[in-house]
2 protein chains.
Amino acid sequence: MGTTQLESVQEPKYWHLKTVLNDALDSEFEVGEILPNERDLAARFGVARATLRQALEQLELEGRLQRRRGVGTTVAPPRMGVRVGPVANTWPGSTLDSWKTVGCVEAVAPHAIAALLGTGSDAAVHTVRRERVMRGQHVATELLYVPPASVPELSTMLTPANHAPAVLRELHTLELEGEDRSVELGSASAEDAKQLDRLPGAPVLVVTTRYFSAGRVAAASVATYRADTCRLTFGDSGALEVTHHEEESRQAS
Amino acid sequence: MGTTQLESVQEPKYWHLKTVLNDALDSEFEVGEILPNERDLAARFGVARATLRQALEQLELEGRLQRRRGVGTTVAPPRMGVRVGPVANTWPGSTLDSWKTVGCVEAVAPHAIAALLGTGSDAAVHTVRRERVMRGQHVATELLYVPPASVPELSTMLTPANHAPAVLRELHTLELEGEDRSVELGSASAEDAKQLDRLPGAPVLVVTTRYFSAGRVAAASVATYRADTCRLTFGDSGALEVTHHEEESRQAS
DNA sequence: TAGTGGTCTAGACCACATC
DNA sequence: ATGTGGTCTAGACCACTAC
């Protein structure tokens, strides 16, 4: 290639570049392989580095590439399927659910959370932070909000070490009647980004869950998943997790 | 502001800009209001236009802004909650599900779809295109793949006009045993982008569903939702749709 | 210290919507 | 014709990683 189609492409360079790179990734690279650096790639394609970067950004968004400052750009493995949907309604923190509890504080919830819980805006709630690790990689961080009213029997002898387990234990004594969930696109806060080993602003899938008990919202959680590496799975008869393992070129012409 | 904190910000300009703008949107702008153009905004903040755009892009990703070429940048309304989860398992196209059938062709499915369906890679499948409209806005496009084996009684007298309804009618005669779903981030193909009234590459939430009947995958669909305007909702005891209506500042700052 | 990706600039031109 | 956002360039410097 080089001097073809001078007339009327009407397609942005970065878009064309993206499809070219996407095809090259399928045919000429292995997962984990490192690409030439951005300056070389840009020169090779005869475009400005910014334009090349626009293509790389999209490919990273689609989970095809992984870029790390000071290291380089590598070919990403297929996205992990992480189960989010109802697994026969269970409370958070039950047995082996691949979550790791990090800690817990009692603090006033943000307005949006207070609205979810149906509590007053200034009420303090137990806030449990958890992390989800799969295949040795941090894929999600979560904040679980539990109003004191949901755990009335909670001990008053709380230390940083036993706070979170105590809250979860009390929560498990309730009868879980149902759950609500929503998924939307967001961008990682500075704090979340650090825990997910990404830069601030990285795209994330925000999963908001409400847990119902006794006709009320007994707890709510906001979980932040890495959008580049995760595919969230739901559903009752799940086996979608094990398939999907060749490639996924739903988009990219 | 103006000449404060010369020492050690260590925070990218666009990131700081984003939070400033985000706050301004909450306090000084109404939904639908049009912002000053990018050149003016950049000048006002004393940054290059590219930097300003980096901030705007993030805010658009988070659903706070809407930008249209030739028109301007406006403040976006809160995201719509669109139900995706199981509503007591029903087949696609049942009664009022806010989907509109556009057409149907018989064609060989992409490899990824063939893998989902468990059919051979070269088998032709019925491909029904549908659109989802909410509040007068296109929020999703979908391709529903139905292998001929799932609709054996399908008439052989098919016209472009009756193809899609006939396939759906036959599908509804089967007993739906369960569904599978996964959600991941993608970017709009040129075709999808046009139907969603977005530019190619716009962020979308890709919902892949498998429908089970008689122990097999009877159909599969890939639905593409606008990530900027949609919040996907799941769950059995749903009322999450009507709340959430103040703001959602889970991230930012 | 060298090499990588991340940020930023100050321009230019293009595609599109509107009047 | 005008004004908007979208694309693109050719630089520069910074933050981080690894050697």
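Just so we're on the same page: letters track the sequence lines, and every chain starts at 1.
- Protein atom CZ of A/Phe45 is 19 Å distant from nucleotide atom P of D/dT7, rounded to whole Å.
- Contact annotation for A/Leu199: backbone-only contact, meaning every heavy-atom pair under 4.0 Å involves sugar-phosphate atoms and none involves a base.
- Here A/Thr51 reaches the OP1 or OP2 of D/dT9: one of its side-chain N or O atoms lies under 4.0 Å away.
- Projected onto DNA chain C by closest heavy-atom contact, A/Ala50 and A/Val71 fall at different nucleotides, the more 5' of which corresponds to A/Val71.
- The separation between B/Glu11 atom CD and C/dT7 atom P is 12 Å, rounded to whole Å.
- Contacts of residues 32-43 of chain A with DNA chain C (heavy atom under 4.0 Å): A/Asn37, A/Glu38, A/Arg39.
- Considering only side-chain N and O atoms, B/Arg49 lies nowhere under 4.0 angstrom from the phosphate OP1 or OP2 of C/dG11.
- In this model, the phosphate group of D/dG5 is approached by a side-chain N or O of B/Thr73 to a distance below 4.0 Å at OP1 or OP2.
- Classification of the A/Phe234-B/Phe234 ring pair by plane angle, with boundaries at 30° and 60°, yields parallel.
- If you measure from atom CG of B/Leu65 to atom C1' of D/dG6, you get 16 Å, rounded to the nearest angstrom.
- Rounded to whole Å, atom C1' of D/dA18 lies 15 Å from atom CZ of A/Arg69.
- Evaluated for a side chain to side chain donor-acceptor pair (under 3.5 Å) with B/Glu142, the options B/Arg129, B/Arg132, B/Arg130 yield exactly one hit, B/Arg130.
- Between B/Tyr145 and B/Leu143, the closest side-chain pair of non-hydrogen atoms falls below 4.5 Å.
- In this structure, B/Lys13 atom NZ and D/dA15 atom P are separated by 13 Å, rounded to whole Å.
- In terms of phosphate contacts, B/Arg68 brings no side-chain nitrogen or oxygen within less than 4.0 Å of OP1 or OP2 of C/dA17.
- When all heavy atoms of B/Val84 and B/Val207 are compared, the closest pair comes out as CG1-CG1, 3.9 Å.
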Should A/Glu62 and B/Val206 be marked as a side chain to side chain contact (heavy atoms under 4.5 Å, CB included) after you check the CA-CA gap, both sets of side-chain angles, and the distance that decides it?
CA-CA 11 Å; A/Glu62 293 171 16; B/Val206 180; over 6 Å; no
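- Between the NZ atom of A/Lys18 and the P atom of D/dG6 there is a distance of 16 Å, rounded to whole Å.
- Atom CZ in A/Arg198 sits about 13 Å away from atom P in C/dG5, given to the nearest Å.
- Two residues, A/Leu52 and B/Glu57, neighbour DNA chain D, and the one matched to the more 5' nucleotide by heavy-atom proximity is B/Glu57.
- A donor-acceptor pair shorter than 3.5 Å can be found between the side chains of A/His138 and A/Glu131.
- Side-chain N/O atoms of B/Arg67 include none lying less than 4.0 angstrom from OP1 or OP2 on D/dT4.
- Rounding to the nearest 0.5 Å gives a distance of 9.5 Å between NE2 of B/His16 and CZ of B/Phe45.
- OP1 or OP2 of C/dC8 has not a single side-chain nitrogen or oxygen of B/Tyr14 nearer than 4.0 Å.
- Atom CG of A/Leu56 is separated from atom P of C/dG5 by 8 Å (rounded to the nearest Å).
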